[in-house]
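Throughout, protein chains are lettered first and strands after them, A, B, ... in sequence-line order, and every chain is numbered starting at 1.
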Amino acid sequence: MSATLLQDLKARGLIAQMTSEDELEQHLANGNVTLYCGFDPTADSLHLGHLVPLLVLTRFQDEGHKPIALVGGATGLIGDPSFKAAERQLNTPDIVSGWVEKIRSQVSQFLKFEGVENPAIVANNLDWTGDMNVLDFLRNIGKHFSVNAMINKESVQQRLNRDGAGISFTEFSYALLQGMDFAELNRRHGCTLQIGGSDQWGNIVGGIDLSRRQNGAQVFGLTVPLITKADGTKFGKTEAGAVWLDPAKTSPYNFFQFWMNTADADVYKFLNYFTFLPAEQIQQIEREDAEREGRPQAQAILAEEVTRLVHGEAGLTAAKRITEALFSGDTSSLSEQDYEQLALDGLPSSALSGADLAETPLTTLLSDAGLAPGGKQVKDALQRNAVLVNGQAYGVDDNMRAAEIFTQTQAKYQKYFLVKLGKKKHHLFTL
RNA sequence: GGUGAGGUUCCCGAGUGGCCAAAGGGAUCAGACUGUAAAUCUGACGCGCGAGCUUCGGUGGUUCGAAUCCACCCCUCACCA
């Protein structure tokens, strides 16, 4: 049973590295194991990059293993230098502890705590590092780490070699803290496996060594690959920044749209990474898409599956409602209630203040609304007839005519204006 | 503490007295072509509808004129102590 889990992960391309495959396979087959994955509070929400290891935890739990989500209340105060180009700015303890709570609850929504034989645990490494004494740390932990080995790690090499960069002792010590976590979880909960992103390999290995030296325990590590896109650009970023799991930071609609825009070259890989659809079914989808003309179905399936996973059925429904209304090109069928709902569902919207419309150019109006980062981009769009208000195109000449455009008689239901800039950016104005 | 090298518009990186809102590349945005994809081509890319306004670590100074010269300061890195 457990052996098939590793095989499935492998088939999905979810394994970047692992410690001795045969022994790990054997270990998993021998019974249910306790495993952990750490999430550092580097912001007030997790983002897409965290989703893959988080879902792998879920995959393990579904197979009967016991997952521990470790929130890095301590490590978050230090900052992981692994493969980071520059030293990080330290955050204050207040901020970090606030983030810890948010991350804790986010992580929790993907794991089962009740009604199963292997309930998940959420831990915080501040619990065992917060009160630690410096001398204890240096004697009991530091003694087990070789600076030679640490310096030779690939994850810090580029920092050491790079001109204009460097690494502080603080960040250099990060690996020790993470190593301590593994050893501690091994003692407390019998945790024998750590998973993480492939950038965590060095840190994980450090923890394996420490567990062996301190506890005489054999423990294992497994990393998931770094998610890359076929075109070489960074995954998980949009023009608005990172794609967050928190619906208050990235609305379910935007989240859904992010996945809809996945390139063909990536979409099947992402189906394997981000959904629980069986690998065979994904191959089936790929075969069907190859045979059909035009638009593949994979993006829609991916968007649906992941949105449901992160935002639930209600979030998915809302996202699809907006998507259908905006991209069908036919908004005439929208009822007054539909318009009200769109704003609630996460379509960006704002109220027109009316008073200064005569004075305000469209460029200002639309860039303030968030349709573009500056007036220049709006102007560019106007020049190309790429600005539509309730389906009507406007040009540069109309820039100063906001008062004539946004009148009550031209509004849908005397209240609503659906503004579109370019092909994908929508905004709802209300009178 | 000493010595050396640096800090340029989102990033990388040119620019060493006027021709500089500042080369080039990347990222990003828009248009064409498409399928809300990729690739390609076109345009935009400090702010401003515009006249114009504000930038090149900071503060002062030299000059008709400074990202460029001078002084002091701040910060980063490397090597040495």
Side-chain angles (χ1 to χ4, degrees), chain A residues 84-89 156 158-168 171 228-242 253-271 285-286 288-304 307 319-320 322-330 347 356-388 393-405 419-427:
Chain A
K84 300 286 186 318
E87 183 87 8
R88 298 271 201 93
Q89 190 78 39
V156 297
Q158 67 183 73
R159 273 284 275 286
L160 296 169
N161 294 337
R162 186 168 192 236
D163 279 353
I167 186 166
S168 67
E171 287 197 3
T228 54
K229 294 205 291 180
D231 62 8
T233 58
K234 208 169 176 189
F235 169 79
K237 296 276 186 200
T238 65
E239 69 278 12
Y253 162 68
N254 283 125
F255 190 84
F256 185 87
Q257 282 296 320
F258 171 82
W259 295 106
M260 282 299 283
N261 284 305
T262 305
D264 292 3
D266 295 316
V267 69
Y268 306 101
K269 183 169 79 174
F270 289 177
L271 277 168
I285 293 168
E286 187 166 2
E288 285 174 21
D289 280 343
E291 284 167 22
R292 71 160 63 193
E293 307 256 317
R295 186 144 204 214
Q297 58 179 334
Q299 279 86 349
I301 295 172
L302 177 67
E304 234 174 83
T307 307
K320 286 177 78 173
I322 301 181
T323 297
E324 272 160 35
L326 299 183
F327 288 91
S328 66
D330 177 22
L347 177 67
D356 50 2
L357 277 186
E359 308 261 313
T360 314
L362 284 179
T363 45
T364 307
L365 206 58
L366 302 196
S367 60
D368 283 355
L371 279 160
K376 285 263 174 33
Q377 276 77 0
V378 178
K379 189 180 160 195
D380 184 49
L382 282 169
Q383 273 163 352
R384 294 157 183 276
N385 286 318
V387 174
L388 299 182
Y394 290 93
V396 230
D397 297 341
D398 302 308
N399 193 24
M400 291 309 294
R401 296 173 48 211
E404 297 164 48
I405 296 166
V419 178
K420 183 176 173 191
L421 191 154
K423 270 188 281 202
K424 299 179 194 170
K425 290 184 187 166
H426 298 85
H427 191 92

Nearest-0.5 Å distance, CG of residue A/N385 to OH of residue A/Y394
12.0 Å
Please report the distance separating the C1' of B/rC75 from the corresponding atom of B/rG24, rounded so that it comes out in whole Å.
28 Å
Does B/rU63 pair with anything, Watson-Crick or G-U wobble, both distances under 3.5 Å, and if so, with which nucleotide?
none
Can you tell me the pairing partner of B/rA27 across any strand shown, Watson-Crick or G-U wobble, with both distances under 3.5 angstrom?
none
Which whole-number value in Å describes the distance from A/K376 NZ to B/rC53 C1'?
11 Å
Sort out the partner of B/rG46 for me: Watson-Crick or G-U wobble, both distances under 3.5 Å, none otherwise.
B/rC53
A/R384 side-chain proximity, nearest of B/rC45, B/rG35, B/rU42:
B/rU42
Taking the same atom, P, in B/rC56 and in B/rG61, what whole-Å distance lies between them?
16 Å
Does B/rU40 have a Watson-Crick or wobble partner in any strand here, with both distances under 3.5 angstrom, and which is it?
B/rA32
Less than 4.0 angstrom between a side-chain N/O of A/K424 and OP1 or OP2 of B/rG31, yes or no?
no
Using the closest heavy atom to pick a nucleotide of RNA chain B for each, name whichever of A/P373 or A/Q377 lands nearer the 5' end.
A/Q377
Before accepting this row, confirm whether a basic side-chain N of the pair A/D380/A/K376 lies closer than 4.0 Å to the acidic partner's carboxylate O.
no
Pairwise C1' distance, B/rA22 and B/rU54 [rounded to whole Å]
14 Å
B/rU9 and B/rG50, which share atom name P, separated by this distance in whole Å:
24 Å
Looking for any heavy atom pair under 4.0 Å, which part of the strands does A/A372 touch: base, sugar-phosphate only, or nothing?
nothing
Between CZ of A/F258 and P of B/rU36 the distance, given in whole Å, is 18 Å
I'd like the C1' distance from B/rA66 over to B/rC19, given in whole Å.
15 Å
To the nearest 0.5 Å, atom CG of A/L302 lies from atom CD of A/Q297 at 12.0 Å
If pairing requires Watson-Crick or G-U wobble contacts with both distances under 3.5 Å, which nucleotide is the partner of B/rU76?
B/rA5
Mind checking the P distance from B/rC33 to B/rG25? Whole angstroms is fine.
26 Å
Does B/rA21 have a Watson-Crick or wobble mate here (both distances under 3.5 Å), and if so which one?
none
Under 3.5 Å, which donor-acceptor pairs link side chains of residues 363-373 of chain A to any protein atom two or more places apart or in another chain?
from	atom 1	to	atom 2	distance (Å)
A/S367	OG	A/T363	O	2.8
A/S367	OG	A/T364	O	3.3

Quickly work out the A/Y268 OH to B/rA38 P distance and round it to whole Å.
14 Å
Which nucleotide, B/rC47, B/rC49, B/rC29, lies nearest any side-chain atom of A/K425?
B/rC29
Between B/rU36 and A/T323, is there an OP1 or OP2 to side-chain N/O distance shorter than 4.0 Å?
no
Could you state the interatomic distance from OG1 (A/T262) to CH2 (A/W259), rounded to the nearest 0.5 Å?
6.0 Å
Mapping A/K423 and A/D380 onto RNA chain B by nearest heavy atom, which one lands closer to the 5' end?
A/K423
